[in-house]
Visitor: 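This structure is in structure tokens; I'll ask about it shortly.
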2 protein chains.
Amino acid sequence: MKNQTQVKKTDPDDQLNRVFHALSDPTRRALLKRLSDAPEKVTALAEPFDMSLNAISKHLKTLEKANLINRDNTGRTSICSLRAEPLHDAQDWLDQYARFWGETLDAFSLHMDKQIDDGTDGSGEKG
Amino acid sequence: MKNQTQVKKTDPDDQLNRVFHALSDPTRRALLKRLSDAPEKVTALAEPFDMSLNAISKHLKTLEKANLINRDNTGRTSICSLRAEPLHDAQDWLDQYARFWGETLDAFSLHMDKQIDDGTDGSGEKG
DNA sequence: TCAATCCTCAACTATTTGGTTGAATATCGG
DNA sequence: CCGATATTCAACCAAATAGTTGAGGATTGA
């Protein structure tokens with residue numbers, strides 16, 4: 001097993017990977033922004049973009065795989081809505097580094113005092 | 001010009017893109033974790049990984065392009081250290097969605113009341 | 001029924017990514 | 001100078017991404 005950090009080479013199944021990847025694209029961030037206002041159907045979401053409907057459909061699939069959106073399939077339309085929990089997870093991860101920009105650490109710092117666990121140790125995912 | 005959202009098709013120059021992309025890889029997150037403990041030279045950083053030194057060097061370059069690490073080139077060694085500001089930026093972006101998992105909104109919500117600006121409007125980057 | 005609408009699937013392309021190996025550059029130390 | 005160490009550059013490769021077009025499945029509604 002080689003006492004290595006073993007990061008599961010670019011593991012596509014890791015939730016955090018998927019979320020951060022989803023957020024790394026400006027179109028997808030714009031879609032989330034739009035959905036933060038109200039749920040929308042796919043065509044409505046696609047309309048403002050200078051891009052094919054299919055492209056948007058794929059972006060939505062990416063967001064869906066990251067669990068960042070829900071879909072309500074009523075009839076032929078698919079209503080997408082924001083699902084923010086994974087964003088919260090991402091924020092939790094970032095919070096571990098909060099001490100590096102000072103302040104904001106109270107009882108938190110006690111918890112944080114020992115070491116940062118960034119979720120890349122292989123536990124908690126696909127045994 | 002078509003009144004479109006104009007998201008600068010997958011703009012690789014956007015700082016937020018680079019940061020979220022950098023965070024989407026578990027090896028890079030592990031490197032940041034390591035650097036959150038103490039600055040390290042490249043060989044030391046690479047050692048725990050089941051991966052070539054070159055691969056780590058490239059990951060470090062990605063982190064560098066996202067401004068997530070600094071390098072102190074003393075002699076033949078390159079000492080890498082964490083630079084957390086961009087993480088803070090990422091957290092700020094995520095904070096805009098905080099209202100979706102309830103609470104934590106005080107004077108913040110006033111600022112947020114109107115609309116979310118997710119940094120994909122094209123301002124502030126490469127004119 | 002049948003045309004229009006909404007959306008996804010399939011196939012293709014170009015580009016990026018994440019990894020490799022091998023050579024090159026640069027410094028350190030005898 | 002010369003060898004060892006530290007790091008990067010260059011070329012290459014496989015796989016994933018982000019986009020396209022075209023076809024097809026469902027649903028709506030006249």
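Being a predicted model, the structure only gives us computed values, none of them experimental. All values below come from the heavy atoms of this structure, side chains included, with hydrogens, waters and symmetry mates left out. We name chains A, B, ... by the order of the sequence lines, and we start the count at 1 in each one.
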Visitor: Please determine if a side-chain N or O atom of A/Arg71 lies less than 4.0 Å away from the OP1 or OP2 oxygen of C/dT8.
Guide: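 Yes, within the criterion.
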Visitor: Determine whether the side chains of A/Ser81 and A/Asn70 contain a donor N or O and an acceptor N or O closer than 3.5 Å.
Guide: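 Distance-only check fails for A/Ser81 and A/Asn70.
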Visitor: Of B/Glu64 and A/Thr77, whose nearest nucleotide on DNA chain D comes first from the 5' end?
Guide: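 Its nucleotide being nearer the 5' end, the pick is B/Glu64.
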Visitor: Select one nucleotide: of D/dA18, C/dT8, D/dT8, the one nearest the side-chain heavy atoms of A/Ser57.
Guide: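 Closest nucleotide among those given: C/dT8.
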Visitor: A/Lys41 near the nucleic acid: base, sugar-phosphate alone, or nothing, with a heavy-atom cut-off under 4.0 Å?
Guide: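 Since only primed, P, OP1 and OP2 atoms lie under 4.0 Å of A/Lys41, the category is sugar-phosphate.
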Visitor: Before accepting this row, confirm whether a basic side-chain N of the pair B/Arg29/A/Asp14 lies closer than 4.0 Å to the acidic partner's carboxylate O.
Guide: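 Judged by the 4.0 Å cut-off on N to carboxylate O distance, B/Arg29 and A/Asp14 do form a salt bridge.
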Visitor: Over all strands shown, is A/Ser52 touching base, sugar-phosphate only, or nothing at heavy-atom distances under 4.0 angstrom?
Guide: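 Contact class for A/Ser52: base.
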Visitor: Please report the distance, rounded to the nearest Å, between CD1 in B/Ile69 and C1' in D/dT8.
Guide: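 In whole Å, D/dT8 C1' and B/Ile69 CD1 are 13 Å from each other.
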Visitor: Check the distance between D/dT17's C1' and A/Ile56's CD1 and give it to me in whole angstrom.
Guide: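 In whole Å, D/dT17 C1' and A/Ile56 CD1 are 15 Å from each other.
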Visitor: Classify the nucleic acid contact of A/Asn54 as base, sugar-phosphate or nothing, counting any heavy atom under 4.0 Å across all strands shown.
Guide: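 Contact class for A/Asn54: base.
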Visitor: Counting side-chain heavy atoms from CB outward, which of D/dT20, C/dG19, D/dT8 is closest to B/Ala55?
Guide: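 Selected nucleotide: C/dG19.
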Visitor: Send over the distance from B/Arg18 CZ to C/dT16 P, rounded to a whole Å.
Guide: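 About 14 Å, once rounded to whole Å.
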Visitor: Quick one: B/Met51 CE to C/dT20 C1', roughly how many Å, whole number?
Guide: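 Computing the B/Met51:CE to C/dT20:C1' distance gives 11 Å.
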Visitor: Return the CG to CG distance between B/Leu23 and B/Leu32, rounded to the nearest 0.5 Å.
Guide: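 That separation rounds to 6.5 Å.
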Visitor: Measure from CD1 on A/Ile79 to P on C/dT8 and round the result to the nearest Å.
Guide: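 It works out to 11 Å between those atoms.
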Visitor: Rounding to an integer number of Å, can you tell me how far B/Leu53 CG sits from D/dT8 C1'?
Guide: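 About 9 Å, once rounded to whole Å.
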Visitor: Is any side-chain N or O of A/Lys61 closer than 4.0 Å to OP1 or OP2 of C/dC9?
Guide: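 Yes.
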Visitor: Can A/Lys41 and A/Asp72 be counted as an ion pair, charged N to O under 4.0 angstrom?
Guide: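 Looking at A/Lys41 and A/Asp72, the cut-off is not met.
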Visitor: Would A/Glu85 and A/Asn67 count as having a side-chain donor-acceptor pair, cut-off 3.5 Å?
Guide: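 A/Glu85 vs A/Asn67: no donor-acceptor pair found between side chains.
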Visitor: To the nearest Å, how far apart are A/Asn17 CG and D/dT17 C1'?
Guide: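 Result: 15 Å.
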Visitor: To the nearest angstrom, how far is B/Lys58 atom NZ from D/dC12 atom P?
Guide: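 Spelled out: NZ on B/Lys58 to P on D/dC12 is 13 Å.
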Visitor: Judged by each residue's nearest nucleotide on DNA chain D, which is more toward the 5′ side, A/Arg76 or A/Lys65?
Guide: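 It is A/Lys65, whose closest nucleotide lies nearer the 5' terminus.
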